[in-house]
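Proteins get letters first, then strands, A, B, ... in listed order; numbering begins at 1 in each.
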Protein chains: 2
Amino acid sequence: MDFPLKDPLKRQSGSGPSPCAACTVRDWVFCSVLSEHELSRLDEMATHLDLSAKETIFNEGDEAKHLFNVTEGLVKLYKLLPDGREQVTGFLFAGDFLGIAMNDTYAYSAETTQPVKICRFKRSDLEQMFREIPKLENRMLNMATNELVQAQDQLLLLGRKTAKERLCTFLLSLSKRADKRGDSPTLVSVPMSRESIGDYLGLTTETVSRTFSKLKKENVLSLNKGGIVELHNLDDLMGLAEDST
Amino acid sequence: MDFPLKDPLKRQSGSGPSPCAACTVRDWVFCSVLSEHELSRLDEMATHLDLSAKETIFNEGDEAKHLFNVTEGLVKLYKLLPDGREQVTGFLFAGDFLGIAMNDTYAYSAETTQPVKICRFKRSDLEQMFREIPKLENRMLNMATNELVQAQDQLLLLGRKTAKERLCTFLLSLSKRADKRGDSPTLVSVPMSRESIGDYLGLTTETVSRTFSKLKKENVLSLNKGGIVELHNLDDLMGLAEDST
DNA sequence: TTCCAAAATTGACCTGAATCATGGAGCGTG
DNA sequence: CACGCTCCATGATTCAGGTCAATTTTGGAA
């Protein structure tokens, strides 16, 4: 399968002068190492896409022709077993790069869980640009090693942590991301479903829900309206994330 | 903590003309993209070390001053929780590169489980060489994405697979490595302990042992002398690795 | 070859999380 | 504002794998 979204109505490429220059996330993402001139060059290469919820961006095993940069919304990355068991390998927010984990084919599937805005680059274009701008390739290597470090943490979580530790670790990571974005680290938006959280943490929906309830009862957090989780004490949470005793 | 092995007796740097040129694994490793001239330059940067079993190469959180290339033996990578629970994040064999998963500090600890030969590079030297030889940095990015793809597979294993599926997946991966190395894919050497396998697969020693016994009873494999596992049918094993029904 | 410590196996039992089942809360649509 | 749908919460029960506790096997060292 290839990129399934060809509807020209959904594209907003060229809908304004150099979207990259106006990009709200350009300081967080790999574009940040580029000069104005290089940025406009990148801009010419990019296709800007508007996706609605539950659309497939690509499937595991598809030929990896494109790389992406999420500028708005939430993307879920996942792998499936033949019998339907699902492992979510990551959630991407605005500013996150998509498509490093591939050789010739993508290592996982990617789908939107909310309306999403995304820039799409041809892999061949980007590789050409790497050759001309080594610092961009260097930036890419940096992002890859960062992802690798994250993956190691997730291995520890899935291999050795209890349900409670897993959920606390997850909430802490959302809190840290929110903080970096400039949002409150204690009033955290949790935009994904219990099921997706379960598939990310190697648990079932029910266990995720029960563990939330337990943490509420223990006064670690409150569940507010609109998927907002209020974390009462980040230091306590850090303890709970590594050792639930 | 820094590299704990300063004993000059253990070093074999300069013990012969350009060890890199004679390196038995140079065609498999990142050195493979280099010309003779570049290789000799790399050689000057490298320190060749001989380690015995159960030595620490570095600890998680140490400042990442060096990168390594394993040329002989077996290295275990792992992360610890405060209460001692351990997650093995990988095993490195001859030809494997060590030290990609780091930013300023290493993301995991590394220790030998057998006598090991290893080349050590200063990170700063290597980064300088990256700047001069872009294809080396490109090779590094390639290795990083490969590791990332591997990590995704391990996430699926740890999050969603049963004990039997995990062990079969592990044995298959050893078989594939052996095949690449030119060894038999059905008579596979399993040089690590049951405990380490458990820590890699998110299981206990006992469960690993029991699962081996079960697979033996089901005639999937035999346990031969010297840690050699005989795999009776690789196609069957591939089925068992994804779906234990 | 004998001896010994470490590693592996196996059994009995327990438990954390999965599974199965039900009811309720939120919310977009007509 | 009632309908229907999806998501979430929670109770009852089951079970895969963990824990605890003996053996048995293995691979060196003397």
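- Atom CD in B/Glu165 sits about 14 Å away from atom C1' in D/dG17, given to the nearest Å.
- Looking at B/Val229, B/Leu221, B/Leu234 one by one, the single match for side chain to side chain contact (heavy atoms under 4.5 Å, CB included) with B/Thr186 turns out to be B/Leu234.
- Put simply, CZ on B/Arg160 is 10 Å from C1' on C/dA18, counting in whole angstrom units.
- Distance, A/Arg210 CZ to D/dG11 C1': 8 Å, rounded to whole Å.
- As a whole-Å value, the separation of A/Leu223 CG from C/dA25 P is 15 Å.
- For A/Ser196, the side chain to side chain donor-acceptor pair (under 3.5 Å) test picks out A/Ser193, with sequence neighbours left out.
- Counting non-hydrogen atoms under 4.0 angstrom, A/Ile197 reaches nothing in the nucleic acid.
- To the nearest angstrom, C1' of C/dA17 lies 9 Å from CZ of A/Arg166.
- Between A/Lys54 and A/Thr207, it is A/Lys54 whose nearest contact on DNA chain D lies nearer the 5' terminus.
- Put simply, CG on A/Leu203 is 15 Å from P on D/dG17, counting in whole angstrom units.
- For the pair A/Glu195 CD and C/dA17 C1', the interatomic distance rounds to 17 Å; values are reported in whole Å.
- Side-chain atoms of A/Glu206 and base atoms of D/dC8 include no donor and acceptor less than 3.5 Å apart.
- Considering only side-chain atoms of A/Ser209, the nucleotide from D/dC20, D/dC8, D/dC7 that sits closest is D/dC8.
- Side-chain atoms of B/Arg194 and base atoms of D/dT26 include no donor and acceptor less than 3.5 Å apart.
- Residue contacts shown for A/Gly198 are absent, as no nucleic acid heavy atom lies under 4.0 Å away.
- The aromatic ring centres of B/Tyr78 and B/Tyr108 sit 6.0 Å or more apart.
- Here NZ of B/Lys161 is found 6.0 Å from CG of A/Leu81. Values are rounded to the nearest 0.5 Å.
- The side chain of A/Lys225 places an N or O atom within less than 4.0 Å of a non-bridging phosphate oxygen (OP1 or OP2) of C/dG26.
- Checking C/dA17, D/dG18, C/dT19 against every side-chain atom of A/Ala163, the shortest atom distance belongs to C/dA17.
- Within 4.0 Å (heavy atoms only), A/Gly202 reaches sugar-phosphate atoms of the nucleic acid but no base atom.
- Comparing B/Thr204 and A/Met192 by the nucleotide of DNA chain D whose heavy atom lies nearest to each, the residue mapping closer to the 5' end is A/Met192.
- Taking the centre of each ring, A/Phe68 and A/Phe97 stay at or above the 6.0 Å mark.
- Between B/Asp199 atom CG and D/dG18 atom C1' there is a gap of 13 Å when expressed in whole angstrom units.
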